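Just so it is clear: chains get the letters A, B, ... in the order the sequence lines come, proteins before strands, and each one is counted from 1. The model shown is predicted, which means the values in this text are computed figures rather than measured ones.
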Amino acid sequence: GQQVMQIPQYQHVQEGEDFTTYCNSSTTLSNIQWYKQRPGGHPVFLIQLVKSGEVKKQKRLTFQFGEAKKNSSLHITATQTTDVGTYFCATPGGSNYKLTFGKGTLLTVNP
Amino acid sequence: DVKVTQSSRYLVKRTGEKVFLECVQDMDHENMFWYRQDPGLGLRLIYFSYDVKMKEKGDIPEGYSVSREKKERFSLILESASTNQTSMYLCASSSGGEKLFFGSGTQLSVL
């Protein structure tokens, strides 16, 4: 099935610093979704990107889908302690409704 | 709001026991999924179902089976639990190729 590599695995930042996680594939992706999992919680959907070169923003979060639709990124500007958690990318693999997840990036923020 | 309910938050079982994990969703979603989450390995798909009585293997189906007799309920069965099945199990549902809604998870310990 479709595989996505997510980097970095861990990221520790000082509050106020920026943060970026990347999702890369060797093949073209039909779409990509991003999820956030707070410590002790379950993954919660953030956004879906479908179009080549698409950029979407949610407050301090900026999501990008590459021109070749082989990579995606999530950038957080001026991190806050509430941003702590694991961020996952996910993409359909094999069939449209079966999602394959990246291994996630654990973000910790030092206040 | 969509609600995906998993029957137990924590479960402790003995090696060789038959284990049932239950999941119920209230949004009439066609698709339901079982993932397991382990540190450093992210979310791995065990089985999914796209309709009543229909199922497909995910990436790690060995040692598991599933049942979907009613649209709202998707059960994960460990026929003979083993210690390497100690994990966090997450159920999810979706409609079409849309976002996944996750339950709160069941932390299963097999002793």
Quick check: are there more than 12 heavy atoms from other residues, nucleotides or ligands sitting under 6.0 Å from CZ of A:R60?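 Correct, the count exceeds 12.
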Atom CZ of residue position A:F63 - does it have more than 12 heavy atoms of other residues, nucleotides or ligands inside 6.0 Å?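 Atom CZ in A:F63 is crowded, with more than 12 foreign heavy atoms closer than 6.0 Å.
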Look at the side-chain heavy atoms of Ile, Leu, Val, Met, Phe, Trp and Tyr, link any pair under 4.5 Å apart, and say whether [X] and [Y] land in one connected group.
| X | Y | answer |
| --- | --- | --- |
| B:F74 | B:I77 | no |
| B:F33 | B:M54 | yes |
| B:I46 | B:L108 | yes |
| A:L107 | A:V4 | yes |
| A:L46 | A:Y22 | no |

Could you tell me which portion of B:Q107 (side chain, backbone, both or neither) has an atom closer than 4.5 angstrom to a non-hydrogen atom of chain A?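 Contact with chain A: none, neither part.
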Please look at B:L45 and chain A and tell me whether the side chain, the backbone, both or neither of the residue comes under 4.5 angstrom of a heavy atom of that chain.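 It is the side chain, since no backbone atom gets that close.
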Within residues 6-16 of chain B or reaching into it, pairs that qualify as side-chain hydrogen bond (donor to acceptor under 3.5 Å, both in side chains) - sequence neighbours excluded: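 Found B:Q6-B:T106.
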In terms of heavy-atom proximity below 4.5 Å to chain B, should A:Q37 be classed as side chain, backbone, both, or neither?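 Answer is side chain: those atoms of A:Q37 sit under 4.5 Å from chain B.
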Does the side chain of A:P43 come within less than 4.5 Å of B:L90's, by heavy atoms?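 When only atoms from C-beta onward are counted, A:P43 and B:L90 do touch, with a gap below 4.5 Å.
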Taking all non-hydrogen atoms of both residues, which atom of A:F45 and which atom of B:L100 are closest, and how far apart?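 That closest heavy-atom pairing would be CB-O, 4.3 Å.
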Is the backbone of B:K99 close enough, under 3.5 Å, to the side chain of A:Y35 for a donor and an acceptor to pair up by distance?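 No.
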For the aromatic rings, using the six-membered ring if either is Trp, is the centroid distance between A:F101 and B:Y35 under 6.0 Å?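 Aromatic pair counts; centres sit under 6.0 Å.
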Could you tell me if B:E98 and A:Q48 have a donor-acceptor pair between their side chains, going purely by distance under 3.5 Å?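 There is no such pair between these side chains.
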For the candidates B:G105, B:G103, B:S95, which exhibits the highest count of non-hydrogen atom pairs separated by less than 4.5 Å from chain A?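 Top option by heavy-atom pairs under 4.5 Å: B:G103.
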Do B:F101 and A:H42 pass the side chain to side chain contact (heavy atoms under 4.5 Å, CB included) test, and can you show the C-alpha distance, the side-chain angles, and the key distance before you say yes or no? CA-CA 9 Å; B:F101 292 87; A:H42 56 274; over 6 Å; no
Does the side chain to side chain contact (heavy atoms under 4.5 Å, CB included) test come out yes or no for B:F102 and A:V44, once each step is laid out? CA-CA 7 Å; B:F102 283 88; A:V44 175; over 6 Å; no
